[in-house]
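Reviewing the structure listed below.
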Amino acid sequence: PITPVILCGGSGTRLWPLSRKAFPKQFVPLVDNKSLLQLTFERMRHVSNKVLTVAAEEHRFFLQEAAEAAKANVQHILEPVGRNTAPAMAIAALFVRPDDLLLFAPADHYIPDSEAFAATVQKGMTAAQAGNIVTFGIAPTFPSTAYGYIAQGLPLSGGQAFRVKRFVEKPDAATAQRLLLDEHLWNAGIFLVKAKVLLAALAEHAPDILKSCKEAVAAENDDGNFIRLNKEVFAACRSESIDYAVMEKHEAVAVVPYVGKWSDVGSWNAVAELSQADEDGNRIQGQGHLLHAKKTFVHASHRPVIALGTEDMIIVDTPDAVLVATSRYVEKVKDVVAQLERQN
Ligand code: GDD
Ligand code: MG
């Protein structure tokens with residue numbers, strides 16, 4: 001049996017003004033009025049009827065809401081502060097039995113084919129039982145600098161998973177271009193691993209993180225609804241992603257290619273692609289009205305928005321902020337938001 005662990009600590013600003021620190025992307029209703037977190041809970045039911053979440057204290061009510069909407073059986077672990085994915089994963093591994101298989105999954109991805117997903121996870125079981133950290137690989141479509149890259153090697157015994165020759169996290173543009181031509185896969189950000197294997201890898205590559213996490217778990221507080229980590233102890237933990245802390249350094253890493261649709265919904269362009277385009281390439285969420293428009297995306301959740309003669313535009317209206325961008329520049333929104341935050 002596999003225990004899914006949903007990592008839910010992100011606070012992306014790439015989908016501003018819908019996604020904010022107080023209300024990050026995974027909680028925003030983006031697909032058929034469901035949030036990506038609710039859809040993740042629903043998808044995990046194809047893997048197990050029980051899940052763990054590791055999430056931020058300040059988001060506990062959004063978490064419970066999504067779990068209830070998905071009718072998921074969830075145990076929530078709350079972090080007083082975010083320390084990135086290496087600590088979050090260590091914490092989960094410390095709460096289960098050493099031989100338990102954990103499936104770490106981001107809360108904010110869109111993977112519509114739950115059955116194909118569950119079948120692909122099953123393909124990683126043998127390699128994970130044998131002591132590998134199993135990753136899932138996506139065929140890349142452009143030289144993104146926002147992803148990890150995986151060099152797929154020879155098949156492991158059983159033939160369903162492959163050795164990983166190299167793992168490169170978030171390369172610069174030139175390296176990404178080279179890795180793309182060299183047939184690397186994108187890291188989907190999903191990991192299947194035995195709890196004790198992950199803990200041993202952390203002991204080897206990031207012993208300070210493991211030590212802080214053990215102390216934070218030893219001083220936890222369980223009120224029946226939530227497990228809370230000790231604030232002082234966990235706040236002192238180093239902040240690092242699992243990709244830099246472990247994946248780039250570890251030997252026993254395997255990959256199972258995933259061929260279904262996968263999106264990390266990392267930009268407004270990716271959100272737009274979640275809704276159906278009409279014959280002019282226009283996509284509308286909510287009360288958008290277009291005339292003579294082409295390739296225009298409108299998200300209008302609470303009042304009418306009219307766009308005339310627009311082309312290649314992204315328009316997002318919310319009660320207190322508006323975004324207007326061309327698709328080419330829309331990813332820069334996070335830089336402007338960072339600038340606004342510095343000024344406030
Ligand atoms: N609990 C918790 N605490 N979760 C966290 C924290 C934290 O401090 N920080 C991030 N997470 C969650 C996010 O909510 C997300 O669901 C997941 O962990 C991954 O974190 P991201 O910050 O979104 O990572 P990334 O997108 O930059 O990179 C990762 O995912 C890519 C695929 O989308 C890496 O694994 C890349 O190698 C990979 O290609
Ligand atoms: Mg991400």
Side-chain angles (χ1 to χ4, degrees), residues 4-15 19 21 23-28 35-37 39-41 43-44 51-60 62-63 66 76-93 95 103-111 133-150 164 166-171 176 179 184-191 193 209 212-213 216 226-229 234-235 237-248 250 253 255 258 262-267 270 331 334:
V5 181
I6 298 175
L7 299 173
C8 192
S11 60
T13 52
R14 287 183 287 186
L15 298 190
S19 173
K21 198 163 172 291
F23 188 57
K25 157 182 137 193
Q26 60 266 28
F27 304 115
V28 177
S35 68
L36 296 172
L37 176 60
L39 291 169
T40 301
F41 282 133
R43 181 166 63 253
M44 290 309 160
V51 292
L52 275 177
T53 64
V54 186
E57 168 81 38
E58 60 176 312
H59 298 142
R60 63 192 181 284
F62 297 142
L63 262 180
H76 301 288
I77 302 172
L78 298 180
E79 297 164 310
V81 288
R83 285 293 175 261
N84 216 322
T85 50
M89 289 169 65
I91 293 294
F95 269 102
L103 178 70
F104 291 97
D108 57 353
H109 284 180
Y110 182 62
I111 304 172
I133 303 180
V134 179
T135 60
F136 296 86
I138 307 288
T141 48
F142 67 103
S144 171
T145 55
Y147 298 140
Y149 284 73
I150 290 169
V164 168
R166 189 168 7 124
F167 186 105
V168 183
E169 178 66 1
K170 297 189 174 64
L179 298 179
H184 284 58
L185 297 170
W186 281 341
N187 172 34
I190 301 164
F191 305 95
V193 61
I209 291 180
S212 301
C213 290
F226 298 107
I227 297 169
R228 289 184 166 82
L229 302 174
F234 193 66
C237 183
R238 179 159 61 92
S239 178
E240 195 165 37
S241 77
I242 196 72
D243 315 284
Y244 288 120
V246 172
M247 301 313 296
E248 284 197 327
H250 202 59
V253 179
V255 63
Y258 181 65
W262 170 93
S263 168
D264 82 334
V265 200
S267 71
E331 304 212 5
K334 65 175 192 299

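All heavy atoms count here, side chains included; hydrogens, waters and symmetry mates do not. Indexing begins at 1, ligand by ligand and atom by atom, following the structure's order. Worth saying up front: this structure is predicted, and the values here are computed from it rather than measured.
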*ring-ring contact (aromatic ring centres under 6.0 Å, His included) with Phe104: which residues, sequence neighbours excluded?*
none
*Taking only heavy atoms of the protein into account, state which residues are under 4.0 angstrom from an atom of ligand 1, in chain and number order.*
Leu7, Cys8, Gly9, Gly10, Val54, Ala55, Glu79, Gly82, Arg83, Asn84, Thr85, Ala88, Pro106, Ala107, Asp108, His109, Tyr147, Gly148, Glu169, Lys170, Asn187, Ala188, Gly189, Asp243, Trp262, Asp264
*Start with the C-alpha distance between Tyr147 and Asp264, add both sets of side-chain angles, then the distance that settles side-chain hydrogen bond (donor to acceptor under 3.5 Å, both in side chains), and finish with yes or no.*
CA-CA 10 Å; Tyr147 298 140; Asp264 82 334; 2.9 Å; yes
_Tyr149: side chain to side chain donor-acceptor pair (under 3.5 Å) partners, not counting sequence neighbours_ = Trp186
*Answer yes or no: is there an ion pair linking Lys334 with Glu331, defined by an N-O contact shorter than 4.0 Å?*
no
_Polar side-chain atom of Thr135 near backbone of Asn187 as donor-acceptor pair, under 3.5 Å_ = no
*Excluding sequence neighbours, so at least two apart, what forms ring-ring contact (aromatic ring centres under 6.0 Å, His included) with Phe62?*
Phe23, Phe27
